[in-house]
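I have placed the structure first, in the form of structure tokens, so that the comments after it can refer back to it.
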There are 2 protein chains.
Amino acid sequence: MTSMVTGQETNGQARPSRSRGRPRSFDRATALEKALAAFWRHGYEATSVSDLTRIMGIGAPSLYAAFGDKRTLFEEVVRVYTGGHGAFADRALAEEPSARAAVERTLREAAVRYTDPEHPQGCLIAHAATNCTSPEVERLLRERRDASLAALDARIRADVAAGLLPAGTDAAALARHATAVLHGMSQQARDGAARADLEALAEIAMAIWPRT
Amino acid sequence: MTSMVTGQETNGQARPSRSRGRPRSFDRATALEKALAAFWRHGYEATSVSDLTRIMGIGAPSLYAAFGDKRTLFEEVVRVYTGGHGAFADRALAEEPSARAAVERTLREAAVRYTDPEHPQGCLIAHAATNCTSPEVERLLRERRDASLAALDARIRADVAAGLLPAGTDAAALARHATAVLHGMSQQARDGAARADLEALAEIAMAIWPRT
DNA sequence: GTTTTAATGTAGCGATCGCTAGAGAACGAC
DNA sequence: GTCGTTCTCTAGCGATCGCTACATTAAAAC
């Protein structure tokens, strides 16, 4: 567990299975999870490096040696989030038989996930780079949002082409609506909305879909 | 703050027609508008005092003498925004004959306002205190969002009581949906959505309302 | 004119920001 | 053991943060 992937992420280059020098005194994956939680709750800029070192339980030089600079660490955190807590929407889109079913599942699941007290509320991709001084970091998350919107849009168009949705369906508007509701749910979760509040919102939001 | 008895201006109250000392070399309202634009675009924390002094065209001591500290300036900016660019939702709620009409007008107007190139995109109340280190500032905007949601909720309940909406209507869910769509529109506007995109979204979002 | 009052420009306060140099500590290789 | 390598700790870099002391300037009051 300790030296499973040690250091490969840092510069991409493979290291010998047994590293030579002094071994790392902390678990890299665990520290990364702590950083994820911090960035998730407070966003990129509001989480200082000294916050991170305190929360991750390591010194600043260890952080920089293991993760590069703050921005590189954030990018890795975003990858971890996207592959973990944030993967449910992509999963629904991949597994459900229709765009409608995928959106319904996504919204219902978001109501649960966004209010889960086990981790910060809402969506990291939606919030963590808001009001961010660094254009690169802001772009990183904006591109992810754009990609999600485009994927949903494409899926809805495919359903229209396949006859799963009426011919006149405004795919772009449907996709934007689902995305807007999702972001709105994230905001409301951060503002303290309860799971049941968001579940009712998710249910009512599905009413805009044409009956198939 | 010692000799800040001039703080009368802070709350908009008139000063003695002629003040005694050296007159202010800038227009207070104009400077406030510049500060509004900066906070609106970059948020509370990402807008530094040195950003503000540069944009407002005044020195730091002048800023502190005229507006108090950064947080007090932001609070005044929020009041200006709430009474100006951000007043359209309250206005719709006050002027339209039904909650449904008010929401429809609000969403349509938001599509135009949130994408207006004359000022920053989206809604200041929704974004300016996201990822904010100061709990007071974050609370300031969150309470405004809560109040808007509560006002809409109350209005929908009133319409249900008046028979304008079916008896079984889930007022809370309807209010949360409209709020979520509004916040989602604000996010999408900031991400570069065009006015027509948000207008189509606004139109489709109204489909969840029960036919009267 | 002098005095009083208030706004201005300069210059810099202590604190924090992201980040790193340098010395010591813990390992494998020999 | 010694050597080379790598991580950790202390300490602090330059830059920026929000904010202010101080001297100066421009007006009304006298």
Side-chain angles (χ1 to χ4, degrees), chain A residues 2-3 6-11 13-28 30-31 35 38-39 42-75 77 131-134 136-137, chain B residues 1-10 15-28 30-31 35 38-39 42-75 77 131-134 136-137:
Chain A
T2 49
S3 59
T6 26
Q8 290 189 346
E9 299 92 336
T10 337
N11 44 23
Q13 107 185 21
R15 291 172 26 179
S17 54
R18 260 315 164 127
S19 69
R20 293 238 302 160
R22 176 173 175 173
R24 188 173 284 135
S25 68
F26 60 96
D27 182 62
R28 195 178 184 281
T30 302
F39 280 131
H42 303 291
Y44 177 71
E45 297 219 316
T47 306
S48 71
V49 171
S50 89
D51 288 337
L52 289 168
T53 57
R54 191 184 61 251
I55 293 169
M56 299 164 85
I58 62 179
S62 298
L63 187 152
Y64 282 87
F67 300 103
D69 62 5
K70 184 186 175 186
R71 187 158 73 89
T72 308
L73 169 59
F74 182 70
E75 289 171 1
V77 157
N131 301 324
C132 190
T133 301
S134 155
E136 297 89 359
V137 173
Chain B
M1 207 65 72
T2 50
S3 58
M4 263 302 297
V5 198
T6 37
Q8 292 185 345
E9 318 138 87
T10 348
R15 300 193 310 180
S17 54
R18 260 317 163 133
S19 70
R20 290 240 308 159
R22 176 173 177 174
R24 187 174 283 135
S25 68
F26 61 95
D27 182 62
R28 196 178 184 280
T30 303
F39 280 131
H42 303 291
Y44 176 73
E45 296 217 316
T47 305
S48 70
V49 171
S50 89
D51 289 336
L52 289 167
T53 57
R54 192 184 60 254
I55 293 169
M56 298 165 84
I58 62 179
S62 297
L63 187 152
Y64 282 87
F67 300 102
D69 62 6
K70 185 186 175 185
R71 186 158 73 90
T72 307
L73 168 59
F74 182 71
E75 289 170 1
V77 158
N131 300 324
C132 192
T133 301
S134 155
E136 297 89 359
V137 173

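The analysis underlying the following values was restricted to heavy atoms, covering all of them including side chains, and did not include hydrogens, waters or symmetry mates. Chain naming here is simple, since letters A, B, ... match the order of the sequence lines and numbering starts at 1 in each.
Atom C1' of nucleotide D:dA27 and atom CZ of B:R20 are separated by 10 Å, given to the nearest angstrom. Look at CZ on B:R28: it is 14 Å from C1' on C:dA7, rounded to the nearest Å. In this structure, the CG atom of B:L52 is 15 Å from the P atom of D:dT20, given to the nearest Å. When the P atom of D:dC19 is taken as reference, atom NZ of B:K70 falls 8 Å away, rounded to whole Å. Rounded to whole angstrom, the span from the CD atom of B:E45 across to the P atom of C:dA15 amounts to 19 Å. For the pair B:M56 CE and C:dA7 P, the computed distance is 14 Å after rounding to whole Å. Distance B:Y44 OH to D:dC17 P: 13 Å, rounded to the nearest Å. Nucleotide C:dT8 holds its P atom 10 Å from the CZ atom of B:F67, rounded to whole Å.
Of all the heavy atoms in B:D51 and B:A46, the pair that sits closest is OD2-O, 3.6 Å. Minimum heavy-atom separation, A:M56 to A:A31: CE-O, 3.4 Å.
Comparing B:L63 and A:P61 along DNA chain C, the residue whose closest nucleotide (by nearest heavy atom) sits nearer the 5' end is B:L63. Nearest-nucleotide mapping onto DNA chain D: of B:G21 and B:V49, the residue sitting toward the 5' end is B:V49.
Between the side chain of B:R28 and the backbone N or O of B:A66, at least one donor-acceptor pair lies under 3.5 Å.
In this structure, A:S134 reaches neither bases nor backbone, as no heavy-atom distance under 4.0 Å exists between it and the strands shown. Counting any heavy atom pair closer than 4.0 Å across all strands shown, A:P23 reaches sugar-phosphate atoms only and no base atom. Among the atoms of the strands shown, only primed sugar atoms or phosphate atoms (P, OP1, OP2) are found under 4.0 Å from some heavy atom of A:T47.
Checking the phosphate oxygens (OP1, OP2) of D:dC7, no side-chain nitrogen or oxygen of A:S25 falls inside 4.0 Å. A close approach under 4.0 Å does occur between a side-chain nitrogen or oxygen of B:Y64 and OP1 or OP2 of D:dC19. The side chain of A:S50 contributes an N or O atom lying less than 4.0 Å from OP1 or OP2 of C:dC17. Dashed line: the shortest gap from a side-chain N or O of A:S62 to OP1 or OP2 of D:dT8 is under 4.0 Å.
Between A:F39 and A:Y44, the ring planes lie parallel to each other; the angle is under 30°, not in the 30° to 60° tilted range.
Considering only the side chain of B:R22, C:dT8 comes nearest among C:dA21, C:dT8, C:dA25. With D:dT25, C:dG24, C:dC19 as the choices, the nucleotide that has an atom nearest any side-chain atom of A:D69 turns out to be C:dC19.
The closest side-chain heavy-atom distance from B:L63 to B:T53 is below 4.5 Å.
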